[in-house]
Amino acid sequence: MALRLYDTASRAVRDFVPLVEGRVGVYVCGLTVQSEPHVGHVRSAVNFDVLRRWLTRQGYAVSFIRNVTDIDDKILTKAAEQDRPWFNLAYDMKRELDRAYDALHVLPPTYEPAATGHVPEMLELIALLVDRGHAYAAEDGSGDVYFDVRSWPSYGELTRQSVEDMEAAGDADPRGKRDPRDFALWKGRKDSEPLTASWPSPWGRGRPGWHVECSAMAGKYLGEAFDIHGGGVDLRFPHHENEQAQSRAAGHGFASYWMHNAWITTSGEKMSKSLGNSLLVPAVLERVRGIELRYYMVAAHYRSTVEFSFEALEEAASAFRRVEGFLDRVDAEPGELPAAFVEAMDDDLGTPAAVAVLHDAVREGNRLHDAGDADGAREAAGRVLAMLDVLGLSPRDPHWATGSGDEGLRDVVDALVRGLLDQRAHARADKDFAAADAIRDQIKAAGVEIEDTAQGPRWSVG
RNA sequence: GGUGGGUUGGCCGAGAGGCGAGGCAACGGACUGCAAAUCCGUGAACACGGGUUCGAAUCCCGUACCCACCUCCA
């Protein structure tokens with residue numbers, strides 16, 4: 001059974017066939033670094049990180065490109081409001097984003113191109129579009145260059161919209177557009193904008209429009225035609241539609257498959273910077289660990305809207321701790337992936353079904369462990385670890401280790417707790433259960449859980 | 001107005017014509033001095049109204065409500 005993916009363009013699950021056997025090129029729209037990342041942003045990154053890990057696991061050589069948009073209207077506006085250089089704002093937010101990705105164990109991409117580093121590539125593409133008659137310099141002398149939507153008959157094909165049915169773009173300033181739906185490839189510099197936010201071009205100083213950067217950078221790093229293009233659903237239109245139009249109008253094959261992840265909502269509404277209902281990643285990570293937040297995201301299908309709540313998040317954390325508890329009991333090396341897991345993942349990254357297989361293996365392993373079948377339990381643990389690796393959720397992964405100082409501290413705690421446990425053992429031997437329970441309560445009050453096993457008591461920080 | 005998605009048990013969240021996903025919570029049982037952890041079991045849901053079918057949560061028609069995109073947005 002081969003991998004099948006839902007392709008937004010054809011609105012169907014299709015067999016995945018790469019352009020070049022054994023290789024996959026993936027381009028994912030990253031963020032505009034204008035403010036701190038919220039959990040929704042990170043969901044997108046986690047979803048595509050799972051895709052990337054699965055492709056890799058299936059033996060593909062994956063080229064994974066995720067861009068950063070570090071120049072745009074919002075960045076300029078916000079930076080001006082905060083009275084600091086736009087590049088400082090973008091850079092700071094980029095670092096915040098990196099921290100959030102790291103906290104969720106989103107692997108670094110093959111390369112992470114930034115828009116400002118690719119102006120020459122964009123200008124080249126724009127010139128090509130002008131030559132081919134699909135773009136024109138604004139007639140009002142603003143220095144803008146627009147894509148001519150009417151010159152490209154298949155415009156709208158990605159989202160199945162016809163130009164006629166679109167609401168006339170409420171674009172505040174139609175400036176020199178021939179059609180209100182034409183979009184900017186290049187924006188002439190306005191006097192109000194800092195000189196540092198402009199680059200020389202054949203049409204005068206200016207800065208790139210939003211959509212060209214992705215076409216130019218995908219072309220540069222993945223080639224004129226590549227396999228998968230991803231992003232959030234809101235990017236379908238206009239961003240992805242425009243990307244595809246300008247790339248294909250330039251004669252490029254562009255993406256074979258389009259993948260879009262759904263929202264994390266709060267109170268039924270999309271989480272968004274503009275709505276101000278964002279849950280920032282650091283705030284959420286005060287409640288649960290990064291690995292637990294990642295589990296929460298992976299347990300839902302990437303195309304399903306997730307209604308965020310701390311209750312659901314805590315539930316997910318409990319579920320995940322069950323998995324961890326099993327691995328604490330049974331030591332093993334990663335083993336084979338169960339067929340049902342592979343099947344689930346091959347079916348458009350069916351992580352919910354895959355997670356169900358994971359829980360089945362945990363229950364099976366616990367059962368065997370209880371029954372004294374050490375080999376069987378170890379084998380189950382091997383399957384569990386293999387599955388967790390694919391999902392980026394393996395507690396054994398050094399990435400999740402909590403800092404270097406902890407090991408020494410753990411030994412200290414262990415010595416102290418052992419002393420108390422010895423006292424408790426004596427009390428229990430004397431059937432002085434009141435004293436024994438008092439010790440257990442005392443340990444628990446310090447945040448340490450006690451578990452009596454056949455091999456004696458174990459402690460863990462709950 | 002156009003386009004896309006949704007409504008599933010106490011909760012989260014899958015599935016997509018027959019075969020009770022999984023998790024969390026609850027309850028009962030096993031284990032335990034009592035717990036904790038673990039295991040076993042219980043609880044049989046699919047917005048509403050029609051229709052197709054031997055059989056529908058799943059297909060068709062209609063209705064209601066919700067969300068998203070068409071403007072910057074994961």
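To find a chain, count down the sequence lines: A is the first, B the second, and so on, and within it residues start at 1. Worth knowing before you read on, the calculation uses all heavy atoms, side chains too, and leaves out hydrogens, waters and symmetry mates.
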- Of the candidate nucleotides B:rC39, B:rG23, B:rC34, which contains the atom at the shortest distance from the side chain of A:Asp370? B:rC39

- Which part of the nucleic acid does A:Arg322 contact within heavy-atom distance under 4.0 Å: base, sugar-phosphate only, or nothing? sugar-phosphate

- Query: If we take the P atom in both B:rG55 and B:rC19, what is their distance in whole Å?
  - Reply: 14 Å

- Message: Please report the distance separating the P of B:rG28 from the corresponding atom of B:rG43, rounded so that it comes out in whole Å.
- Response: 15 Å

- Message: I'd like the C1' distance from B:rU58 over to B:rA14, given in whole Å.
- Response: 13 Å

- Query: Is the distance from OP1 or OP2 of B:rC39 to the nearest side-chain N or O of A:Asn366 less than 4.0 Å?
  - Reply: yes

- Task: Would you mind reading off the distance between A:Glu343 atom CD and B:rG15 atom C1', rounded to a whole angstrom?
- Result: 13 Å

- Query: Expressed as a whole number of Å, how far does the P atom of B:rA44 sit from that of B:rC11?
  - Reply: 14 Å

- Item | Euclidean distance for C1', B:rG22 against B:rG49 (whole angstrom) | 33 Å

- B:rU3 pairs with which nucleotide, Watson-Crick or G-U wobble, both distances below 3.5 Å? B:rA68

- Query: So which nucleotide from B:rA68, B:rC12, B:rC39 ends up closest to the side chain of A:Glu315?
  - Reply: B:rC12

- Atom NZ of A:Lys187 and atom P of B:rU71 are separated, to the nearest Å, by 13 Å

- Task: Figure out the OH/P separation between A:Tyr6 and B:rG15, and round it to whole Å.
- Result: 13 Å

- Query: Who is the Watson-Crick or G-U wobble partner of B:rG41, with both distances under 3.5 Å?
  - Reply: B:rC27

- Query: Could one point to a donor on the side chain of A:Arg458 or the base of B:rA37 with an acceptor on the other under 3.5 Å away?
  - Reply: no

- Task: Answer with yes or no whether A:Asp360 presents, from its side chain, a donor or acceptor under 3.5 Å of a partner atom in the base of B:rG22.
- Result: no

- Message: Assess whether a salt bridge exists between A:Asp389 and A:Arg396, defined as any Lys/Arg side-chain N lying under 4.0 Å from an Asp/Glu carboxylate O.
- Response: no

- Message: Would you say A:Asp148 and A:Tyr146 are linked by a side-chain donor-acceptor pair, where the criterion is simply a distance under 3.5 Å?
- Response: no

- Message: If you take the centroid of each ring, where Trp contributes its six-membered ring, are A:Tyr296 and A:Phe308 closer together than 6.0 Å?
- Response: yes

- Message: What contact category does A:Ala356 fall into here, base, sugar-phosphate, or nothing, at under 4.0 angstrom with non-hydrogen atoms?
- Response: base

- Go through B:rC70, B:rC12, B:rA35 for me and flag the one nearest to the A:Asp452 side chain. B:rA35

- Task: Just call it for A:Glu307: base, sugar-phosphate, or nothing, with non-hydrogen atoms closer than 4.0 Å on any strand.
- Result: sugar-phosphate

- Message: Salt bridge or not between A:Asp375 and A:Arg378? Use side-chain N to carboxylate O under 4.0 Å.
- Response: yes

- What nucleic acid atoms does A:Ala371 come within less than 4.0 Å of, heavy atoms only: base, sugar-phosphate, or nothing? nothing

- Message: Both A:Ile450 and A:Glu364 contact RNA chain B. Which one's nearest nucleotide lies toward the 5' end?
- Response: A:Ile450

- Query: NA contact type, A:Leu235, heavy-atom cut-off 4.0 Å: base, sugar-phosphate, or nothing?
  - Reply: sugar-phosphate

- Note on the structure: pair_partner(B:rG17), Watson-Crick or wobble, both distances < 3.5 Å, evaluates to none

- Which part of the nucleic acid does A:Val306 contact within heavy-atom distance under 4.0 Å: base, sugar-phosphate only, or nothing? sugar-phosphate

- Task: Check every strand shown and say whether A:Gly350 touches a base, only sugar-phosphate, or nothing at a heavy-atom separation below 4.0 Å.
- Result: nothing

- Message: Rounded to whole Å, please give me the gap between CZ in A:Arg181 and P in B:rC70.
- Response: 15 Å

- Taking the same atom, C1', in B:rC61 and in B:rA56, what whole-Å distance lies between them? 15 Å

- Message: Evaluate A:Asp70 against A:Trp86 for side chain to side chain donor-acceptor pair (under 3.5 Å), listing each step before the verdict.
- Response: CA-CA 9 Å; A:Asp70 56 351; A:Trp86 62 273; over 6 Å; no

- Mind checking A:Phe433 for me? I need base, sugar-phosphate or nothing, with any heavy atom below 4.0 Å counting as a touch. base

- Message: On RNA chain B, compare the nucleotides closest to A:Thr305 and A:Phe237; which residue's is nearer the 5' end?
- Response: A:Thr305

- Task: When you get a sec, tell me which of B:rA14, B:rA35, B:rA74 is the closest nucleotide to the side chain of A:Arg440?
- Result: B:rA35

- Task: To the nearest Å, give me how far apart NZ (A:Lys177) and C1' (B:rU71) are.
- Result: 10 Å

- Message: Applying a 4.0 Å non-hydrogen cut-off, can you work out what A:Arg43 is touching in the nucleic acid: base, sugar-phosphate, or nothing?
- Response: nothing

- Message: Is it the case that atom CD in A:Gln82 sees more than 12 heavy atoms from other parts of the structure closer than 6.0 Å?
- Response: yes

- Message: Aromatic contact between A:His240 and A:His211, with the criterion being ring centroids under 6.0 Å apart: yes or no?
- Response: no

- Item | Minimum-distance nucleotide to A:Pro352 side chain [options: B:rC39, B:rA14, B:rA74] | B:rA14

- Query: What does A:Arg363 touch in the nucleic acid at a heavy-atom separation under 4.0 angstrom: a base, only the sugar-phosphate, or nothing?
  - Reply: sugar-phosphate

- Task: Go through the side-chain N and O atoms of A:Ser198 and A:Glu193 and say whether any donor and acceptor fall under 3.5 Å apart.
- Result: no

- Item | Pairing partner of B:rU63 (Watson-Crick or G-U wobble, both distances under 3.5 Å) | B:rA47

- Between A:Arg289 and A:Glu292, is the closest basic N to carboxylate O distance under 4.0 Å? yes

- Message: What is the distance, to the nearest angstrom, from the OH atom on A:Tyr302 to the P atom on B:rA68?
- Response: 21 Å

- Message: Counting only side-chain heavy atoms from C-beta out, which of B:rA35, B:rC69, B:rA74 sits nearest to A:Thr32?
- Response: B:rA74

- Message: For the C1' atoms, the ones on B:rA25 and on B:rC12, what distance do you get once it is rounded to whole angstrom?
- Response: 10 Å

- Note on the structure: When both distances are under 3.5 Å in a Watson-Crick or G-U wobble arrangement, the nucleotide paired with B:rU58 is none

- Message: Students often get this wrong, so: under 4.0 angstrom with heavy atoms, is A:Thr453 touching a base, only sugar-phosphate, or nothing?
- Response: nothing

- Atom-to-atom span, CG of A:Asp348 to C1' of B:rG15 - whole angstrom: 13 Å

- Task: Look at the side-chain N and O atoms of A:Arg321 and state whether any lies under 4.0 Å from the OP1 or OP2 oxygen of B:rG23.
- Result: no

- According to a strict under-4.0 Å criterion, is A:Ser309 in side-chain N/O contact with OP1 or OP2 of B:rC12? no

- Message: Please report the distance separating the P of B:rA68 from the corresponding atom of B:rG41, rounded so that it comes out in whole Å.
- Response: 42 Å

- Task: Have a look at A:Gly40 and say if it touches a base, only the backbone sugar-phosphate, or nothing, with a 4.0 Å heavy-atom cut-off.
- Result: base

- With distance as the sole criterion, is a donor-acceptor pair present between the side chains of A:Ser44 and A:Asn47 under 3.5 Å? no

- Query: Picking from B:rA74, B:rU38, B:rG4, which would you name as closest to the side chain of A:Arg329?
  - Reply: B:rU38

- How close or far is atom C1' of B:rC70 from atom NE2 of A:His211, stated in whole angstroms? 12 Å

- Query: Base, sugar-phosphate alone, or nothing: which one does A:His301 contact when heavy atoms must sit under 4.0 Å apart?
  - Reply: sugar-phosphate

- A:Glu451 side-chain proximity, nearest of B:rC34, B:rA36, B:rC70: B:rA36

- Task: Could you tell me whether the phosphate oxygens of B:rA74, OP1 or OP2, come under 4.0 Å of any side-chain nitrogen or oxygen in A:His41?
- Result: yes

